[in-house]
Q: 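This is the structure, below, for whatever I ask next.
Ligands are counted one by one from 1 in listed order, and the atoms in each one are counted from 1 as well.
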Amino acid sequence: MAERNGPSSIKVGFRKSLFYFFTMASLMFFLSWFFVMQSTYRPNPMEYNLIPNSKHLSTLDDSKYQIRKQNVESSFGNRKLVKDDGGKCHQNDELVVKVYMYDLPPEFHFGLLNWKPGGSSVWPDVRNNIPGYPGGLNLQHSIEFWLTLDILASEFPQAPKARTVIRVQNSSEADIIYVPFFSSLSYNRYSKGKKNEKKNGNKILQEKLVKHLTTQEQWKRSGGKDHLILAHHPNSMLDARMKLWPATFILSDFGRYPPNIANVEKDVIAPYKHLIPSYLNDNSTFDSRPTLLYFQGAIYRKDVWPSCSLIYWLFWPFFVGGLARQELFYLLKNEKDVHFSFGSIQKDGIKKATEGMRASKFCLNIAGDTPSSNRLFDAIASHCVPVIISDAIELPYEDVIDYSEFCIFVRTVDAIKENFLINFIRGISKEEWTRMWNKLKEIEHFFEFHFPSKENDAVQMIWQAVARKVPAIRLKLNQHGRFFRSPPSTDKGLKSIPSPRNFW
Ligand SMILES: *[C@@H]1O[C@H](CO)[C@@H](O)[C@H](O)[C@H]1NC(C)=O
Ligand SMILES: *[C@@H]1O[C@H](CO)[C@@H](O)[C@H](O)[C@H]1NC(C)=O
């Protein structure tokens with residue numbers, strides 16, 4: 001009897017453990033998926049050592065960071081002085097995007113800047129009244145503000161000649177339908193919520209937006225495929241994106257997005273607005289920059305999983321990016337000409353970082369809680385050659401810019417090998433560095449935001465990137481409309497069969 005029982009109880013035990021294993025594995029899988037989709041981790045607002053106090057932030061360096069009415073007026077007025085080029089076509093004419101913009105209620109856009117409509121229009125008259133965007137760290141995601149202003153400005157005859165966007169009033173004539181929701185500001189302003197509030201203001205606005213959009217004629221016509229939605233802050237639109245994903249998003253990276261919701265084919269990566277002022281009249285040289293390698297910021301991720309946890313061991317490859325900072329700190333902390341410092345709360349964070357980056361030959365960009373960060377664009381503005389250690393980073397307009405001409409890329413697995421990084425950086429010659437430094441000065445204007453926009457500044461580069469998506473959007477729309485003459489299909493099943501075409 002015992003002999004007979006033996007193998008079968010072993011079998012049962014084996015099955016049981018197999019069952020446990022699968023249950024655990026699926027649980028882990030769902031958990032990790034859940035965290036990818038619902039990540040509510042808030043990035044450290046003190047990356048540059050600023051006190052995360054909205055009052056402080058909004059008054060910080062007002063003069064430098066807020067757009068002032070007078071400046072806008074005078075520069076806009078100057079455009080009138082630009083001589084007409086006699087109707088000659090501008091080089092970029094074929095890349096002009098025709099945009100239809102929804103007249104959303106101000107609570108979705110300039111109302112978030114405390115602007116109140118005067119007459120019947122939901123838009124400010126950008127010729128003489130620009131509501132200021134809050135300064136400080138808010139600014140790094142202010143892309144929504146600049147793009148919307150550029151659309152509004154395109155309606156006036158004195159708009160910049162080299163414009164890349166034109167607002168049209170008939171949505172049938174538009175290349176793309178623009179959704180003017182300042183989602184990053186909504187996140188920054190309202191995601192904290194007040195006491196006794198079930199839902200925070202950011203969630204409520206997103207719900208309203210989804211409800212509004214999905215009932216619009218234009219949305220129903222295309223299923224949203226020709227819509228353009230801003231979600232530059234990695235945590236903005238967390239709720240709405242699951243319903244609005246057929247649209248093209250403007251993002252800072254894909255770090256928090258599953259690939260079917262956002263991907264490089266469908267979406268547009270926009271730069272952060274750098275916080276460090278541009279280095280004008282940079283007379284520095286390889287030898288006049290004493291620091292070899294510079295990194296300033298949060299070194300320890302706040303949400304690092306305890307490395308002993310099972311989830312960590314099962315999914316360690318996903319965490320390597322965040323841990324690289326810590327790893328690198330231990331590898332580099334004893335190098336004399338390397339500045340690698342912890343973020344501590346000081347008011348002069350931006351000033352210190354400005355001095356630090358301008359005095360450094362190379363500036364490190366290590367993946368943090370997201371693959372991208374403002375630091376890359378601060379380094380470019382400081383002409384400090386970026387060293388990028390972020391395997392999943394996506395770069396703005398990389399289809400037209402070769403970043404390897406002015407950035408050093410290092411794979412994370414290599415960077416955390418002993419002495420690899422420091423030897424690699426020390427091996428870069430003065431001539432090579434000077435070539436990259438010169439290139440940085442050539443390309444920095446691609447990352448500058450202006451109003452009114454200037455030729456090939458960040459605003460126009462983003463529109464051009466959008467323009468390059470238009471043919472693919474048209475293809476999708478035309479395929480979508482193939483059967484419009486056919487009576488409604490009786491084959492219900494076919495609709496749900498995924499094919500490479502209707503994947504997004
Ligand atoms: C919008 O444009 C389409 C196509 O050009 C045209 O058929 C339609 O009449 C226009 N609608 C209005 C209101 O002008
Ligand atoms: C650059 O110019 C500034 C001000 O004109 C001067 O103080 C500085 O020494 C110069 N640096 C170099 C490396 O020439």
Side-chain angles (χ1 to χ4, degrees), residues 64 93-104 120-123 151-152 154-157 165-180 212-213 215-228 247 274 276-294 336-339 348 350-363 378-386 406 425 428-442 444-445 466-467 470-471 473-485:
K64 232 179 276 168
D93 261 4
E94 64 243 81
L95 276 180
V96 169
V97 200
K98 286 190 225 148
V99 168
Y100 174 84
M101 177 161 72
Y102 285 116
D103 286 319
L104 287 183
S120 57
S121 174
V122 297
W123 302 109
I151 295 175
L152 290 170
S154 76
E155 294 189 291
F156 297 107
V165 70
I166 292 176
R167 187 179 183 190
V168 295
Q169 295 296 342
N170 181 343
S171 62
S172 309
E173 290 163 7
D175 295 319
I176 203 143
I177 315 280
Y178 181 83
V179 180
H212 180 87
L213 269 188
T215 56
Q216 298 300 305
E217 200 50 45
Q218 290 85 355
W219 183 276
K220 286 189 199 154
R221 198 165 62 199
S222 67
K225 292 185 175 73
D226 56 354
H227 281 53
L228 184 65
H274 59 84
I276 284 183
S278 303
Y279 195 170
L280 305 172
N281 309 318
D282 175 5
N283 60 348
S284 68
T285 61
F286 185 79
D287 298 311
S288 78
R289 291 178 175 239
T291 308
L292 177 71
L293 190 56
Y294 181 90
K336 279 206 183 67
D337 48 0
V338 173
H339 171 99
D348 55 354
I350 286 189
K351 192 164 163 277
K352 279 264 170 64
T354 306
E355 285 163 8
M357 285 190 165
R358 288 182 181 182
S360 305
K361 298 179 178 77
F362 297 95
C363 285
D378 285 338
I380 292 173
S382 312
H383 311 149
C384 177
V385 174
F406 53 91
I425 300 297
I428 295 168
S429 69
K430 181 172 169 174
E431 290 69 38
E432 186 73 20
W433 181 88
T434 309
R435 248 199 309 278
M436 291 193 277
W437 173 78
N438 275 316
K439 195 77 195 171
L440 281 171
K441 293 196 293 182
E442 265 173 49
E444 63 180 327
H445 67 279
V466 170
V470 168
I473 291 172
R474 282 226 182 95
L475 174 69
K476 276 190 285 175
L477 285 186
N478 291 342
Q479 288 175 339
H480 183 73
R482 279 178 182 183
F483 296 104
F484 86 99
R485 277 193 202 85

Q: Answer yes or no: is there an ion pair linking Lys352 with Glu355, defined by an N-O contact shorter than 4.0 Å?
A: no
Q: Can you name the residues that form a ring pair (Phe, Tyr, Trp, His ring centres under 6.0 Å) with Tyr102, not counting sequence neighbours?
A: Tyr100, His227
Q: Begin from the C-alpha positions of Gln479 and Lys225 and carry the test side-chain contact (heavy atoms from CB on, under 4.5 Å) through to its verdict.
A: CA-CA 11 Å; Gln479 288 175 339; Lys225 292 185 175 73; over 6 Å; no
Q: Test of understanding: with side-chain contact (heavy atoms from CB on, under 4.5 Å), list the residues that count as partners of Asn170, not counting sequence neighbours.
A: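 Testing Asn170 for side-chain contact (heavy atoms from CB on, under 4.5 Å), a comparison that skips the adjacent residues, returns Ser172, Glu173.
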Q: Quick one: do Asp337 and Lys361 make a salt bridge, cutoff under 4.0 Å?
A: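 The answer is no: the pair does not qualify as a salt bridge.
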Q: Could you list the atoms of ligand 2 found under 4.0 angstrom from a heavy atom of Ser288?
A: 13 (C)
Q: As a test of reading the model: which residues have a non-hydrogen atom less than 4.0 Å away from ligand 1?
A: Asn170, Ser172, Glu173
Q: Suppose we screen for ring pair (Phe, Tyr, Trp, His ring centres under 6.0 Å). Which residues come up paired with His339, at least two apart in sequence or across chains?
A: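 Tyr294.
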